[in-house]
Amino acid sequence: MRLGTKDRAVVYALDRLEPPPRAVDWSLAATIAVLVGTGLYSLVVGDPSGAWVFDVHAVAAFALVVLLAFKLRRVATRLRPNRLTRVRFVSILLALTALGALGTGLWWAFGGSVRVGPWGLLMVHMTLGVAVPVVLLWHLRHRYHSPAGATHQGRRTALQYAAVVGLSALAWRGQRAANDLLDTAGSDRRFTGSREEGSGEGNAFPVTSWVADDPTPVDVEDWELRVDGLVDDPATLGVDDLGLGDETADDERGDLATDAERRAVLDCTSGWYSDHDWRGLAVGDLLDAVEPTDDARWVQFRSVTGYRWSLPVEEAREALLATHVDGERISHDHGFPMRLVAPGRRGFQWVKWVTDVRATRRRDFSESVAIFVSGFEE
Ligand code: HEM
Ligand SMILES: Nc1nc2c(c(=O)[nH]1)N[C@H]1C(S)=C(S)[C@@H](COP(=O)(O)O)O[C@H]1N2
Ligand SMILES: [Mo]
């Protein structure tokens with residue numbers, strides 16, 4: 001193949017920029033660790049103060065583009081599957097998984113969509129993303145070499161690293177600018193990467209339930225809200241105590257006011273968000289009524305399905321057990337009769353169909369399992 005002058009200039013620039021092979025290999029592993037670390041951690045970031053996690057993820061992704069270009073250029077001749085050994089198979093699988101994670105991430109950033117059964121593009125991205133380190137470990141079993149020699153490369157290598165990081169940050173900026181210019185569906189993503197759906201339109205926003213959570217609609221006349229754990233005065237509240245009966249007139253309202261309001265964004269890790277006016281029972285008022293003891297540090301909210309999540313007491317006080325969204329009674333799919341509204345938390349923590357509020361001393365770690373298996377147990 002004959003190269004034009006322009007192509008030759010690019011190859012020359014790449015040659016100059018390319019750190020030594022071992023440095024590239026170890027930087028690749030480190031970049032993947034950063035991507036998977038920030039990717040997983042980003043799933044619990046709901047407050048703008050954590051926006052840096054997403055920025056680091058995006059810059060690292062562009063660093064991966066540069067490093068993969070070096071790497072694939074170097075090994076391209078060896079990757080040709082003329083003789084497909086097991087070692088080579090794993091190498092090719094690794095290249096495909098990493099390119100798949102990169103491709104789906106960038107496609108998402110530019111506003112792409114796909115449906116794979118119940119999964120959207122971001123779920124496909126996360127799955128490929130967590131597969132990368134698994135395949136990488138497999139690859140390293142065959143091709144591991146020690147990092148010795150990768151570190152003592154001196155000034156030139158340091159400059160090459162700086163160039164890789166600098167280029168990545170520039171590419172990331174450029175990608176945002178291109179997004180805005182082309183006005184793609186990815187241009188008005190929230191800092192979490194999520195896209196807007198149905199804000200301010202009452203119950204008309206997406207429904208997201210985990211694996212098997214699909215209870216039969218709650219009959220309010222039988223429904224009770226139990227409030228117990230580390231509290232001096234446990235309570236069991238019914239519709240009448242909360243003034244929630246269908247025909248309850250204003251002057252028959254229960255003891256606990258259910259007209260507290262919060263404006264808050266529900267932001268699901270599957271990639272959509274929705275901004276609403278929520279109304280209901282302030283958890284602070286509820287806690288005042290049951291008097292938590294001095295030992296109480298956490299408040300757990302439990303669903304009729306066993307799904308549950310905890311918030312630190314101070315944060316729980318700011319949360320709401322919502323009965324209404326934008327003035328409409330919350331529908332069954334969205335958690336009727338009451339769902340947790342936890343401002344600044346990701347959607348999976350906003351427990352639906354709440355039946356229990358419990359003050360505890362320690363966080364209950366079984367809840368991180370329960371969100372995957374609830375609905376199977378009951
Ligand atoms: C080798 C692994 C990975 C690569 C190459 C990768 C690459 C990318 C890229 C290119 C983007 C778009 C960034 C942008 O906004 O410009 C992205 C976004 C995202 N990734 Fe990854 N990623 C990886 C692993 C993961 C993992 C393991 C998770 C979580 C389990 C994850 C979660 C996310 C999320 C939530 C976004 C959306 C944030 C946004 O749009 O800015 N990623 N990723
Ligand atoms: N009981 C219960 N609560 C739940 C869920 C669930 O599956 N079961 N899904 C969570 C997830 S992942 C999100 S994003 C929000 C979605 O709320 P919505 O279905 O009202 O949109 O509810 C959360 N609360
Ligand atoms: Mo979610």
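Computed from a predicted model, the values in this text were never measured in an experiment. In listed order, ligands and their atoms are each counted from 1.
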Note: K352-D333 ion pair, threshold 4.0 Å (strictly below) = no
query = Is the closest heavy-atom distance from L128 to ligand 1 below 4.0 Å?
reply = no
request  = For T305, counting its heavy atoms only, list the atoms of ligand 2 lying under 4.0 Å from any of them.
outcome  = 1 (N)
inquiry  = If only side-chain N and O atoms count, and only distance matters, is there a donor-acceptor pair under 3.5 Å linking T293 with D295?
reply    = no
task = May I ask you to list the atoms of ligand 1 that are less than 4.0 angstrom from any heavy atom of T192?
result = 38 (C)
key: Nearest option to atom 14 (C) of ligand 1, as decided by whichever heavy atom of A109, A63, A33 sits closest   = A109
query = Tell me: protein heavy atom nearest atom 34 (C) of ligand 1, and distance?
reply = L122 CD1, 4.0 Å
ask   = Can you list the steps and then say if W353 with H332 is a side chain to side chain contact (heavy atoms under 4.5 Å, CB included)?
value = CA-CA 8 Å; W353 313 292; H332 162 63; 3.6 Å; yes
Value rounded to 0.5 Å, distance of CD1 in I371 from OG in S209 = 12.0 Å
message = Quick check on contacts: which atoms of ligand 1 are under 4.0 angstrom from a heavy atom of W108?
response = 40 (O)
message = Would L159 and R156 count as a side chain to side chain contact (heavy atoms under 4.5 Å, CB included) here? Give the steps.
response = CA-CA 5 Å; L159 285 174; R156 188 185 162 95; 5.9 Å; no
ask   = Would you call the rings of W272 and F205 parallel, tilted or perpendicular if under 30° counts as parallel and over 60° as perpendicular?
value = tilted
ask   = Quick one: does P206 get a heavy atom under 4.0 Å from ligand 2?
value = yes
ask   = Do W309 and F348 make the cut of ring centroids closer than 6.0 angstrom?
value = yes
query = Counting from 1, what ligand 1 atoms have a heavy atom of V132 closer than 4.0 Å?
reply = 1 (C)
task = Could you establish whether W272 and ligand 2 come within less than 4.0 Å of each other, counting only heavy atoms on the residue side?
result = yes
query = Would you say the side-chain atoms of D267 pair up with the backbone N or O of G46, donor to acceptor, closer than 3.5 Å?
reply = no
key: Residue selection (non-hydrogen contact nearest atom 10 (C) of ligand 2) among Y307, Y273, W350   = Y307
ask   = Is there a side chain to side chain contact (heavy atoms under 4.5 Å, CB included) between L340 and Q349 once you walk through the steps?
value = CA-CA 8 Å; L340 182 63; Q349 294 153 325; 5.9 Å; no
Contact partition for L102 relative to ligand 1, non-hydrogen atoms under 4.0 Å = both
For atom 35 (C) of ligand 1, the protein heavy atom that lies nearest, with its residue and separation = S42 OG, 3.9 Å
ask   = Touching ligand 2 at all, R346? Heavy atoms, strictly under 4.0 Å?
value = no
query = Using a cut-off of 2.8 Å, how many protein N, O or S atoms lie below it in distance from atom 21 (Fe) of ligand 1?
reply = 2
ask   = Shared ILVMFWY cluster between V66 and L94, side chains joined below 4.5 angstrom?
value = yes
task = Would you mind running through ligand 2 and noting each atom that sits below 4.0 Å from a heavy atom of G347?
result = 10 (C), 11 (C), 13 (C), 14 (S), 15 (C), 22 (O), 23 (C)
ask   = Which ligand 2 atoms does S303 reach within 4.0 Å, using its non-hydrogen atoms?
value = 1 (N)
key: V130 neighbourhood, listing ligand 1 atoms whose heavy-atom distance to it stays under 4.0 Å   = 27 (C)
ask   = Out of D213, V207, V351, who gets a non-hydrogen atom closest to atom 2 (C) of ligand 2?
value = D213
request  = Run the numbers for me: atoms of ligand 2, each under 4.0 Å from some heavy atom of R339, listed by number.
outcome  = 15 (C), 16 (C), 17 (O), 18 (P), 20 (O), 22 (O)
task = Using a strict 4.0 Å cut-off to heavy atoms of L40, name the atoms of ligand 1 that fall inside it.
result = 29 (C), 30 (C)
task = Would you mind checking which non-hydrogen protein atom is closest to atom 40 (O) of ligand 1, with the distance to 0.1 Å?
result = R189 NH1, 2.4 Å
key: Gap separating the CG atom of L43 from the SG atom of C268, nearest 0.5 angstrom   = 10.0 Å
V351 vs R302 side-chain heavy atoms within contact, under 4.5 Å = no
inquiry  = Grouping I, L, V, M, F, W and Y whenever their side-chain heavy atoms are under 4.5 Å apart, do L35 and L167 come out in a common cluster?
reply    = yes
key: Which of the ligand 2 atoms, numbered from 1, are nearer than 4.0 Å to a heavy atom of L266   = 17 (O), 21 (O)
task = Could you list the atoms of ligand 2 found under 4.0 angstrom from a heavy atom of C268?
result = 14 (S)
inquiry  = Tell me the protein heavy atom at minimum distance from atom 5 (C) of ligand 1, and give that distance in Å.
reply    = L64 CD2, 3.4 Å
ask   = Linking I/L/V/M/F/W/Y whenever any side-chain heavy atoms sit under 4.5 Å apart, do V36 and L140 land together?
value = yes
query = Under a single-linkage definition using a 4.5 Å side-chain heavy-atom cutoff for Ile, Leu, Val, Met, Phe, Trp and Tyr, are V207 and V218 assigned to the same hydrophobic cluster?
reply = no
task = Can you figure out which of E197, Q349, H334 has its heavy atom closest to atom 20 (O) of ligand 2?
result = H334
task = Decide whether an N or O pair under 3.5 Å exists between Q175 and ligand 1.
result = yes
query = For D277 and V325, what are the C-alpha separation, side-chain angles and deciding distance, and is it a side chain to side chain contact (heavy atoms under 4.5 Å, CB included)?
reply = CA-CA 6 Å; D277 285 319; V325 54; over 6 Å; no
inquiry  = I'd like to know if the side chain of T127 pairs up with that of W119 as donor and acceptor (distance under 3.5 Å, no hydrogens or angles considered).
reply    = no
message = Using the rule that Ile, Leu, Val, Met, Phe, Trp and Tyr join whenever any side-chain heavy atoms are under 4.5 Å apart, tell me whether Y41 and V56 fall into a single cluster.
response = yes
ask   = Tell me, which protein residue and heavy-atom name are nearest atom 13 (C) of ligand 1, and how many Å apart are they?
value = A58 CB, 3.8 Å
query = Got a second to check how far R345's CZ is from L266's CG, nearest 0.5 Å?
reply = 14.0 Å
inquiry  = Taking 4.0 Å as the limit for heavy-atom contacts, which would you say applies to T269 with ligand 1: side chain only, backbone only, both, or neither?
reply    = neither
